[in-house]
Amino acid sequence: MCAAATICLLRPDDAAAMATVVRDLTPSAFMPNARRAWSSVLRARPDLVHLVHPLVDWMFDDPAERLVERFKASVDAAIAAGQLTLTGTEHRYDTDLLGHLLTRLKSNTALRGNAQIYTPPDLALAAAALVIDRVEPGQSFCDPVVGTGGLLRAAAQVIRRHGHDPADMVWFGADIDRLAIAATAVNSVVWDLGPSVILYCGDTLATKLGTRGPRCTTRRTPHRP
């Protein structure tokens with residue numbers, strides 16, 4: 001999943017040329033490029049550093065040669081399958097690749113234990129279109145069981161259809177799965193949700209109103225240029 005997330009951060013002008021360059025790099029030569037891709041994003045968005053930790057902490061800890069080789073093999077396989085033409089173009093707004101991967105990588109038992117269900121993009125978009133009837137800059141959107149952010153992605157698409165920029169909104173999301181939250185943090189960059197993305201790892205459904213703990217509400221906030 002880290003391989004796919006790393007590729008998600010690449011925005012090539014020419015996907016085919018980028019695929020050739022990455023393919024020709026040895027595993028050890030590719031690692032500095034992967035670290036630079038992550039470092040560039042995290043310098044711009046330091047608020048995401050602790051959130052993506054489950055995905056990338058190993059990358060900056062002098063990983064074993066065998067792990068680096070496996071990582072590069074996964075990157076090569078994803079690029080050969082065409083990921084750059086998906087997440088490296090505007091098609092990235094239309095899909096939640098990391099969400100699909102997470103459900104594939106987890107066992108059915110783990111998914112049932114966390115009550116995790118991958119929401120198909122078309123269904124998520126239909127649900128968002130039904131709920132969002134008007135849009136204003138500074139408006140906030142919240143999903144207390146955000147998963148990898150599929151419903152936020154759909155809301156962003158509806159916002160674009162209304163002629164607004166998702167980066168002008170405020171986004172809230174929470175989930176008990178640290179890996180899902182890490183994927184949502186990456187997706188917030190992939191989908192250009194902007195700097196006002198607040199994510200929390202915890203069980204918001206178990207938090208009773210009136211008790212201490214996180215609460216998510218949908219509200220409007222003043223527009224910040």
Side-chain angles (χ1 to χ4, degrees), residues 1-15 17-89 92 95-107 110 114 116 146-150 152-153 173 175-195 197-202:
M1 189 163 171
C2 180
T6 300
I7 299 171
C8 281
L9 301 181
L10 304 178
R11 302 276 184 92
D13 294 327
D14 187 330
M18 174 67 78
T20 300
V21 169
V22 172
R23 183 193 63 205
D24 291 344
L25 290 174
T26 64
S28 59
F30 176 70
M31 284 302 294
N33 291 278
R35 293 190 186 102
R36 277 194 293 270
W38 283 97
S39 296
S40 176
V41 170
L42 296 178
R43 277 195 298 269
R45 294 292 309 278
D47 56 300
L48 300 182
V49 171
H50 69 292
L51 298 172
V52 301
H53 181 77
L55 281 175
V56 299
D57 60 337
W58 69 273
M59 190 181 293
F60 295 90
D61 287 340
D62 192 21
E65 182 179 351
R66 183 58 177 161
L67 182 56
V68 171
E69 291 173 351
R70 290 176 177 174
F71 173 64
K72 179 55 164 54
S74 297
V75 168
D76 289 342
I79 289 180
Q83 185 184 331
L84 277 174
T85 61
L86 179 64
T87 60
T89 68
R92 65 184 180 276
T95 187
D96 177 12
L97 176 63
L98 298 182
H100 186 72
L101 282 176
L102 184 62
T103 57
R104 291 285 184 175
L105 292 173
K106 285 197 169 189
S107 68
N114 289 337
Q116 290 175 297
V146 73
T148 53
L152 299 186
R153 181 205 64 80
D175 202 276
I176 61 175
D177 187 337
R178 291 182 63 208
L179 191 55
I181 286 292
T184 302
V186 174
N187 278 335
S188 72
V189 175
V190 174
W191 299 329
D192 293 326
L193 297 188
V197 178
I198 298 93
L199 300 174
Y200 167 77
C201 187

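Bear in mind that the values here come from a model prediction, so they are computed numbers and not experimental data.
In this structure a side-chain-to-backbone donor-acceptor pair under 3.5 Å is present from N33 to A29. Listed for the T103 side chain is a donor-acceptor partner under 3.5 Å among the backbone atoms of H100. Proximity of a side-chain donor or acceptor of S188 to a complementary backbone N or O of A185 within less than 3.5 Å is detected. Side chain of T89 to backbone of T85: a donor-acceptor contact under 3.5 angstrom is found.
Interatomic distance, R153 CZ to T184 OG1, rounded to the nearest 0.5 Å: 12.5 Å. Between N187 atom CG and L98 atom CG the span is 4.5 Å, to the nearest 0.5 Å. To the nearest 0.5 Å, atom CE of residue M31 and atom OG1 of residue T6 are 8.0 Å apart. For the atom pair CZ of F30 and CZ of R35, the computed distance is 11.0 Å after rounding to the nearest 0.5 Å. For the atom pair CZ (R11) and CE (M18), the distance works out to 12.0 Å, reported to the nearest 0.5 Å. To the nearest 0.5 Å, the span separating CG on L9 from CH2 on W38 amounts to 5.0 Å.
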Checklist entry - Could you walk me through whether D96 and W191 pass the side chain to side chain contact (heavy atoms under 4.5 Å, CB included) check? => result CA-CA 9 Å; D96 177 12; W191 299 329; 3.9 Å; yes
Next on the checklist: With side chain to side chain contact (heavy atoms under 4.5 Å, CB included) as the criterion, how do C201 and L51 come out once you've worked through the C-alpha distance, each side chain's angles and the decisive distance to 0.1 Å?
Outcome noted: CA-CA 9 Å; C201 187; L51 298 172; 6.0 Å; no
Next on the checklist: side chain to side chain contact (heavy atoms under 4.5 Å, CB included), that's the test. Do C8 and Q83 meet it? Break it down for me.
Outcome noted: CA-CA 8 Å; C8 281; Q83 185 184 331; 3.7 Å; yes
Next on the checklist: L102 vs M1, test: side chain to side chain contact (heavy atoms under 4.5 Å, CB included). Steps then yes/no.
Outcome noted: CA-CA 7 Å; L102 184 62; M1 189 163 171; 4.0 Å; yes
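Closest heavy-atom contact between V56 and C2: CG1-SG, 4.4 Å. The nearest pair of heavy atoms linking G147 to D175 is N-OD2, 2.9 Å. Across A19 and I79, no two heavy atoms sit closer than the pair CB-CG2, 3.4 Å. Across V186 and A5, no two heavy atoms sit closer than the pair CG1-O, 4.2 Å. Between P12 and L84, the shortest heavy-atom contact is CG-CD2, 3.9 Å. Considering all non-hydrogen atoms of both residues, P63 and V68 come closest at CG-CG2, 3.7 Å.
Annotation: salt bridge (Lys or Arg N to Asp or Glu O under 4.0 Å) contacts involving residues 76-86, sequence neighbours excluded, comprise K72-D76. Residue pairs meeting the salt bridge (Lys or Arg N to Asp or Glu O under 4.0 Å) criterion with at least one member in residues 46-58, sequence neighbours excluded: R45-D47.
Between R36 and S40 the shortest side-chain heavy-atom distance does not fall below 4.5 Å. A 4.5 Å side-chain heavy-atom check between V189 and L48 finds at least one atom pair inside the cut-off.
Partners of R66 according to the salt bridge (charged side-chain N to carboxylate O under 4.0 Å, His left out) rule, which considers only residues two or more places apart in sequence or in another chain, are E69.
Summarising the local packing, CG of D61 is surrounded by more than 12 heavy atoms from other residues, nucleotides or ligands at distances under 6.0 Å. With a 6.0 Å radius and a threshold of 12 heavy atoms from other residues, nucleotides or ligands, R178 has its CZ atom at or below the threshold.
The ring of W58 has its center closer than 6.0 angstrom to the ring center of F71.
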